[in-house]
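What follows is a set of notes on a single structure, which appears directly below.
Being a predicted model, the structure only gives us computed values, none of them experimental.
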Amino acid sequence: MNPLRNSPALLPSLLICATVAMYACQGNQPSTMPDTGGASSPRSSAAALKAAATIDEAGLRSVVSYLASDELEGRGPASEADAVTQEFLAGSMRDLGLEPGGHDGQWSQPFDIVGITSHVPDTMKFSGSRGVKELEFWDDFIAASGVQAESAVIPESAVVFVGYGIDAPEYQWDDYKGADLEGKVLLMLNNDPDWDPDLFQGDRRLYYGRWTYKYEIAARQGALGAIIIHTTPSAGYPFQVVQTSWTGEQFELPAENEPRCQINAWVTEAAARELVDLAGMDYDSLLESARSQDFKPVDLGLTTSLSLKNDLSRVQTANVAGLLRGSDPVLSEEVVIFTAHHDHLGIGEPNDSGDTVYNGARDNASGVAQILAAAKAAAALPSPPKRSLLFLFVAAEEQGLLGSKYYSLHPTFAPGKIAANINLDSANIWGLTTDLTFIGLGKSSLDTVVQELAAEQERTVFGDQFPDRGSFYRSDQFNFAKIGVPAIYLNHGTRFIGRPDGWGKEQKEKYEATDYHQPSDELRDSWNFEGMIQDAQLAFLAGLRIAEETEMPTWNPGDEFEAARLQALAALEKVQE
């Protein structure tokens with residue numbers, strides 16, 4: 001159970017109001033744009049640049065400092081801190097002069113989530129002809145309920161290795177080959193095949209490599225359980241992230257009729273090697289066999305069982321939205337949506353120093369600060385752009401992109417009228433860069449917008465500089481893309497001014513190894529806000545430019561999300577008939 005849920009009020013209303021007022025006042029004195037050499041004759045208007053210059057360190061720092069404070073106890077979903085966060089965001093946008101952007105004139109878009117706290121046994125036993133192996137909870141495996149029920153049970157069941165666990169007809173890849181896996185426990189590799197650029201796009205991770213896909217397809221195979229083998233390279237983060245992210249209360253949207261495994265789990269690679277050894281097989285040879293399109297499921301000759309007792313709750317969280325209505329009588333019915341998730345992990349397992357607050361300063365108080373700053377910049381324009389701008393702070397992202405998923409299912413604008421989504425998640429805290437990462441570069445007509453604005457800052461645009469992370473499918477723009485909305489997901493560059501080559505990559509990897517989803521993700525004196533300002537200004541200007549263009553952005557022909565866009569536009573035409 002989340003300790004926040006039954007705690008006394010965290011902050012008196014006076015303090016909330018004071019913090020909102022402080023934020024709304026800061027930045028009224030325009031700051032200068034970061035000095036990156038500035039290209040001559042920018043396309044952005046003087047009014048747009050003046051508005052962008054209101055994005056400054058004082059405003060960004062105040063938001064991060066407040067949202068990532070211990071008083072807000074990590075902003076766990078459905079906690080009192082969650083409610084305080086929502087109130088702060090609504091109050092901030094109200095003070096900026098925006099109008100409520102939710103349904104029925106509300107600032108919030110509340111939705112139910114189901115909380116599941118699983119009580120996992122200390123060990124998980126595997127039996128075979130060569131003996132028994134007991135894996136230790138936390139050190140060797142992590143397990144969570146796949147069902148919204150008081151118990152999740154795998155009776156004694158066969159364990160089958162299914163390679164990458166992928167069925168992708170467009171790549172002539174099927175790890176299942178029609179095998180009967182009903183009632184089995186599936187052991188599978190993380191990521192997707194990455195050694196051939198013509199197969200699963202090489203080292204760029206696709207949705208097939210995401211854990212969400214693997215659990216979903218295991219359930220569609222009729223499996224009772226699915227176990228993913230973790231390695232740091234294949235996941236993009238160490239096992240400690242699995243430990244902290246998959247324990248404690250987990251939240252989901254209420255279940256419908258979708259197939260589900262009883263239990264979803266992870267094991268370390270060391271543990272997986274021991275299990276394969278127990279099966280009398282060679283782990284490396286088994287991995288090598290999984291690299292072939294001819295691979296077939298391998299019954300390991302092992303059985304396992306596991307039973308979880310679950311504490312269930314049905315609670316509410318909410319997205320928070322503010323709207324700047326467009327100036328054009330027709331185009332104002334269309335919208336550019338800015339997003340950042342306002343939640344983090346709340347209270348969790350203590351770290352080595354006993355800290356239990358998962359503050360989420362970079363992930364994602366920083367992104368919230370940037371989007372609020374963009375909202376302030378929009379409010380500072382002498383007149384609104386042609387299209388409307390929606391500033392949407394989504395909930396429960398850390399639980400599986402739940403807030404953006406709910407919005408995509410219940411949008412306040414028809415999907416065909418959403419021109420684009422601009423998403424910010426985990427800002428640059430290390431300084432100015434000469435480059436910019438556009439995750440999703442090459443997918444849509446938005447490439448030109450980002451490239452032109454980056455040129456104004458004399459920056460070079462790169463696609464995902466860590467393609468093996470599968471970042472496009474790991475943040476909220478993914479749910480907008482699924483309903484056909486072209487998306488800009490901006491991430492910081494890696495070429496830092498005044499730093500040697502490779503320094504930026506080192507900082508990102510250090511953060512992932514020590515601070516990502518840990519209590520140590522806190523605001524520190526070492527943060528450099530210049531790059532955060534740089535990226536927030538570009539995001540604001542991108543949204544403004546899209547809002548002023550006559551034509552709607554499009555996916556590039558053949559893109560995986562093009563069909564959804566065409567379907568959304570066709571639905572509009574049908575309504576208008």
Side-chain angles (χ1 to χ4, degrees), residues 43-44 48 52 101 319 321-328 330-341 367 370-371 374-375 377-378 384-394 401 404 407-408 411-425 436-454 461 463 471-473 475-491 535-557 559-569 571-572:
R43 269 193 59 192
S44 297
N319 300 324
L323 182 69
L324 180 67
R325 196 166 296 279
S327 58
D328 186 272
V330 176
L331 290 181
S332 62
E333 297 301 312
E334 299 174 357
V335 68
V336 177
I337 301 181
F338 292 81
T339 52
H341 73 88
Q370 289 178 302
I371 297 301
K386 296 174 183 177
R387 288 190 176 90
S388 298
L389 302 178
L390 184 72
F391 300 91
L392 176 66
F393 299 93
V394 293
L401 315 183
S404 57
Y407 183 88
S408 73
T412 53
F413 287 79
K417 288 185 176 292
I418 304 175
N421 169 231
I422 299 174
N423 184 51
L424 297 179
D425 188 347
L436 174 70
T437 299
F438 175 11
I439 295 171
L441 181 67
K443 295 179 70 64
S444 75
S445 62
L446 296 174
D447 290 359
T448 301
V449 174
V450 175
Q451 288 167 336
E452 289 180 350
L453 290 169
V461 179
S471 297
F472 191 87
Y473 310 96
S475 197
D476 291 301
Q477 76 290 327
F478 178 43
N479 281 321
F480 284 91
K482 287 198 293 186
I483 60 171
V485 179
I488 295 175
Y489 177 22
L490 296 180
N491 212 323
D535 292 345
Q537 289 175 333
L538 192 146
F540 162 68
L541 292 170
L544 188 59
R545 185 165 299 181
I546 297 164
E548 291 285 10
E549 295 287 347
T550 302
E551 298 296 323
M552 289 276 275
T554 60
W555 294 102
N556 290 341
D559 187 84
E560 61 189 311
F561 300 111
E562 181 190 26
R565 183 61 155 184
L566 296 176
Q567 183 178 358
L569 295 173
L572 282 181

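Separating the CD1 atom in I422 from the CD atom in Q477 is a distance of 12.0 Å, to the nearest 0.5 Å. In this structure, L331 CG and T550 OG1 are separated by 7.0 Å, a value rounded to the nearest 0.5 Å. Between N421 atom CG and F478 atom CZ the span is 13.0 Å, to the nearest 0.5 Å. Between the CD atom in Q451 and the CG atom in L446 there is a gap of 10.5 Å [rounded to 0.5 Å]. L401 contributes atom CG, which lies 7.5 Å from atom NZ of K482 (distance to the nearest 0.5 angstrom). A distance of 13.5 Å separates NZ in K443 from CD1 in I488, rounded to the nearest 0.5 Å.
The two residues P385 and L324 come nearest to each other via the heavy atoms CD-CD2, 4.2 Å. For the pair G440 and F472, the tightest heavy-atom approach, listed with the atom from each and the gap, is CA-CD1, 4.0 Å. The two atoms that bring V485 and R565 nearest to each other are CA-NH1, 3.9 Å, heavy atoms only. Here the closest heavy-atom approach between residue S445 and residue N556 is recorded as N-OD1, 3.8 Å. Taking both residues in full, the closest heavy atoms of G416 and L569 are given as O-CD2, 3.6 Å, listed atom of the first, atom of the second, then distance. Closest non-hydrogen pair, L389 versus G543, comes out as CD2-O, 4.1 Å.
There is no side-chain donor-acceptor pair under 3.5 Å between T339 and D476.
Using cut-offs of 30° and 60° on the angle between ring planes, the pair F561 and Y473 is tilted. Taking the six-membered ring where the residue is Trp, F480 and Y407 present tilted rings, their angle falling between 30° and 60°.
Of the possible polar contacts, one joining the S388 side chain to the G326 backbone as a donor-acceptor pair under 3.5 Å is found. With D447 contributing its side chain and L441 its backbone, the two residues share no donor-acceptor pair below 3.5 Å. A donor-acceptor pair under 3.5 Å links the side-chain atoms of W555 to the main chain of G484, judged by distance alone.
At a threshold of 4.5 Å between non-hydrogen side-chain atoms, the residues L490 and V450 count as touching. Side-chain atoms of D535 and L424, non-hydrogen and from C-beta on, never get closer than 4.5 Å to each other. Under the 4.5 Å side-chain criterion, counting only non-hydrogen atoms from C-beta, S44 is in contact with R545.
Residue Q567 qualifies as open at atom CD: its count of foreign heavy atoms under 6.0 Å is 12 or below.
Of the candidates D425, T437, I439, I439 is the only one forming a side chain to side chain contact (heavy atoms under 4.5 Å, CB included) with S471. With E334 as the fixed residue, the side chain to side chain donor-acceptor pair (under 3.5 Å) test singles out one of R387, K386, K417: R387.
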